[in-house]
Protein chains: 2
Amino acid sequence: MNKPTVHDIAKEAGVSLATVDRVLNARPGVREKTIAKVNAAVERLGYVRDTYAANLARQRQYRFVFVLPEGPSQFTETLRAALQEAYASQIADRVVLRTVSVPANDPHAIVRALRALDTDRLDGVAIMAPETPQVRDAIARLKEAGLAGVAVATDLPNSKRDYFIGINNLSAGRTAGLLMGRFAGGQGEVLVVTNSMRSRDSLERRLGFDEVMKSDFPAMTVLPSIETYDDPARMASVIADVVENRPGVVGLYSMGLGNAPLLDALREAGRAGDLVVIAHELTPKTREALQRNELAAVITQNVGHLVRSALRVLRAFCDEQSIFEAQERIRIEIVLRENLY
Amino acid sequence: MNKPTVHDIAKEAGVSLATVDRVLNARPGVREKTIAKVNAAVERLGYVRDTYAANLARQRQYRFVFVLPEGPSQFTETLRAALQEAYASQIADRVVLRTVSVPANDPHAIVRALRALDTDRLDGVAIMAPETPQVRDAIARLKEAGLAGVAVATDLPNSKRDYFIGINNLSAGRTAGLLMGRFAGGQGEVLVVTNSMRSRDSLERRLGFDEVMKSDFPAMTVLPSIETYDDPARMASVIADVVENRPGVVGLYSMGLGNAPLLDALREAGRAGDLVVIAHELTPKTREALQRNELAAVITQNVGHLVRSALRVLRAFCDEQSIFEAQERIRIEIVLRENLY
DNA sequence: GGGTAAATGAGGAACGTACCTCATGTCTAG
DNA sequence: CTAGACATGAGGTACGTTCCTCATTTACCC
């Protein structure tokens with residue numbers, strides 16, 4: 001009736017505990033035939049290893065590092081907070097966590113940080129960074145050393161990461177497009193801003209946004225992306241320009257970081273609550289703007305989920321366990337004033 | 001450096017292991033003063049009990065029952081599937097699970113089922129059922145027997161449930177209202193249908209919906225709720241009536257179950273994809289309808305999250321552990337064609 | 001100050017697994 | 001046929017906790 005243990009397997013297979021142990025842990029010195037016998041018994045009884053007991057016996061530690069962009073972005077701050085919170089909870093059982101901050105847009109510094117990781121004292125790495133060839137190589141090194149590696153929020157599709165935890169940005173852009181079209185009534189011009197189009201995330205979002213606008217709202221015009229390079233002054237002048245010279249603009253899609261300056265500029269220009277503004281990432285600022293009707297919608301991913309997922313997936317890879325996909329899928333969430341929770 | 005164990009506590013407090021154990025497990029025969037000494041040591045070292053080791057030693061089993069409505073609703077089927085899936089995973093570690101089906105709208109049968117539960121062989125119950133005074137009493141009995149009890153999807157606010165896992169239906173209705181208003185352009189009439197207004201969920205959703213329509217879209221008219229009593233023929237006639245006699249109707253809000261018949265009726269009447277239709281709960285049917293542009297939006301709660309959350313919360317109550325609120329909050333999700341995942 | 005009850009200590013077994021050693025059994029090549 | 005390699009068994013210890021027993025100490029009351 002109860003869950004079978006290694007002892008049951010031993011009995012069932014007609015071998016000793018030691019042999020069962022050797023088979024289950026893939027230790028050498030067992031004949032093929034015996035291995036088969038044990039595996040058959042495992043099958044028959046439906047044995048599943050008690051991971052917690054195993055971890056206890058093995059004194060398992062999961063030594064993880066999170067490599068996150070430094071700097072005063074609301075998104076990364078939320079992420080760090082979520083990480084702290086998760087670390088204090090059950091999920092981080094037997095996890096020893098460290099975070100490393102890297103300048104977001106300095107590939108060299110990122111590579112340096114990745115190289116500096118002591119692979120002998122580490123079991124897994126979660127990385128949020130833009131992908132460059134050097135970064136790719138640095139990740140390859142980590143993988144060669146046998147570490148688990150996941151990409152968080154920003155994918156590293158060409159690197160040997162084990163898993164990507166985050167949303168599909170093409171779909172996110174498409175979702176923004178659909179919302180924009182429907183909210184704006186299918187007419188007028190739409191401004192698209194981002195801090196930098198060099199980021200893969202922005203590129204993909206823009207692509208998805210345009211696809212939907214073109215196919216579903218052909219009467220709308222999407223203006224070229226405007227880059228603000230994290231410069232509030234630039235943002236202010238962009239918005240001012242729209243107010244003065246672009247009466248046809250009905251919507252604004254902010255694809256990247258830097259929503260705080262955007263919202264400030266809109267308020268300054270007196271257009272807050274007037275345009276249909278759609279932005280990414282739920283933070284204290286965007287949350288407040290939703291409440292004040294200054295943002296029509298925020299497209300986001302649940303950051304708590306993101307970090308918990310990263311921890312679970314890293315552990316699963318360390319233990320060579322399978323991943324419960326449904327649980328790890330990060331959803332593209334649409335947040336309006338009314339479902340802010 | 002490492003996590004402190006009971007042995008460390010014993011040393012630190014200058015008492016024996018046995019005494020530490022007595023204190024930690026609230027067993028009698030320890031002086032107040034000694035208890036204080038031990039607790040101080042726990043504080044000082046930041047000791048946290050290793051739940052998994054404890055469960056191992058204690059041979060802990062979590063015996064849970066899920067009481068779910070029977071019948072061929074897509075929502076409950078999805079729920080059952082999610083439960084199966086969760087049961088097979090890590091989350092259900094040491095959990096022995098049983099489900100009990102009850103007729104959704106027969107309070108007597110529900111009470112009978114709750115009474116039939118053997119409280120001696122059970123640690124927790126998750127219930128999805130409409131609240132009636134008898135149900136409330138039956139739950140009180142379970143609580144008295146020391147079981148953990150959570151309400152799932154439908155709250156039992158007046159019962160002694162330990163926790164409610166699900167969305168706030170007032171907010172869900174408000175979210176629907178905001179979407180409806182913006183999607184429909186703030187003009188025209190809106191039809192509201194549900195299988196039954198006797199359900200608290202429908203009432204609350206309607207309330208929220210009306211609030212937002214009134215305050216944010218005063219130019220729109222919301223028609224009285226139409227109840228279909230799970231009768232496809234009735235649904236068909238309602239829709240046919242709209243097509244023929246209500247040219248001003250631009251939107252349709254389906255608050256309850258029974259989306260399949262609604263969608264069929266719309267197709268029949270040739271109005272699918274024409275009205276702004278907003279429904280609840282993501283199921284295979286609603287998913288397909290989103291893809292075909294027959295539904296503008298679906299407001300839903302993640303069912304996988306729902307059952308995993310229920311399991312975690314039940315466990316936490318059994319162990320008298322605190323709950324990681326952020327993780328257990330069920331979000332009101334808005335699903336459009338583009339973020340179906 | 002002695003008796004008694006309560007408080008505490010010391011130690012061990014168990015949970016399911018990992019990992020170790022040492023002894024014994026079995027096969028195979030020369 | 002036998003040495004040596006390989007396969008297997010038997011048994012122990014450990015992980016952090018629970019829960020048990022039994023002995024010893026302490027505190028308190030008359």
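In the text below, chain A, chain B and the rest are named by the order of the sequence lines, each starting its count at 1. Everything quoted here is computed from the prediction, not taken from an experiment.
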Salt bridge or not for B:Asp50 and B:Lys3, using N-O below 4.0 Å?
no
Please list every donor-acceptor pair under 3.5 Å in which a side-chain atom of residues 122-131 of chain B meets a protein atom from a residue at least two apart or in another chain.
unit_1   : atom_1 : unit_2   : atom_2 : d
B:Asp123 : OD1    : B:Arg63  : NH2    : 3.1
B:Asp123 : OD2    : B:Arg63  : N      : 2.8
B:Asp123 : OD2    : B:Arg63  : NE     : 2.9
B:Glu131 : OE1    : B:Asn158 : N      : 3.4
B:Glu131 : OE1    : B:Asn158 : ND2    : 3.3
B:Glu131 : OE1    : B:Arg200 : NH2    : 3.4
B:Glu131 : OE2    : B:Asn158 : N      : 3.2
B:Glu131 : OE2    : B:Ser159 : N      : 3.0
B:Glu131 : OE2    : B:Ser159 : OG     : 2.5

If a pair satisfies ring-ring contact (aromatic ring centres under 6.0 Å, His included) and one of its residues is in residues 31-60 of chain A, list it, with sequence neighbours excluded.
A:Tyr52-B:Tyr52
Any ring-ring contact (aromatic ring centres under 6.0 Å, His included) involving residues 122-152 of chain A? Give me the pairs, sequence neighbours left out, ordered by first then second residue.
none
Angle between the two end axes of the helix from C:dG1-D:dC30 to C:dG30-D:dC1, five base pairs per end, rounded to 10 degrees?
30°
Rounded interatomic separation in angstrom, taking [atom1] from [X] and [atom2] from [N]:
{"X": "B:Glu32", "N": "D:dA27", "atom1": "CD", "atom2": "P", "value": "16 Å"}
{"X": "A:Asp8", "N": "C:dC15", "atom1": "CG", "atom2": "C1'", "value": "13 Å"}
{"X": "B:Arg60", "N": "C:dG16", "atom1": "CZ", "atom2": "C1'", "value": "18 Å"}
{"X": "B:Asp93", "N": "C:dC15", "atom1": "CG", "atom2": "P", "value": "17 Å"}

Verify the contact: side-chain N or O of A:Thr19 to OP1 or OP2 of D:dG9, cut-off strictly under 4.0 Å; return yes or no.
yes
What pairs of nitrogen or oxygen atoms, one from the protein and one from nucleotides 24-26 of chain C, lie under 3.5 Å apart?
none

Can you build the contact string for nucleotides 16-24 of chain D? Use B for base contact, S for sugar-phosphate-only contact, and - for no protein heavy atom under 4.0 Å.
BBSB-----
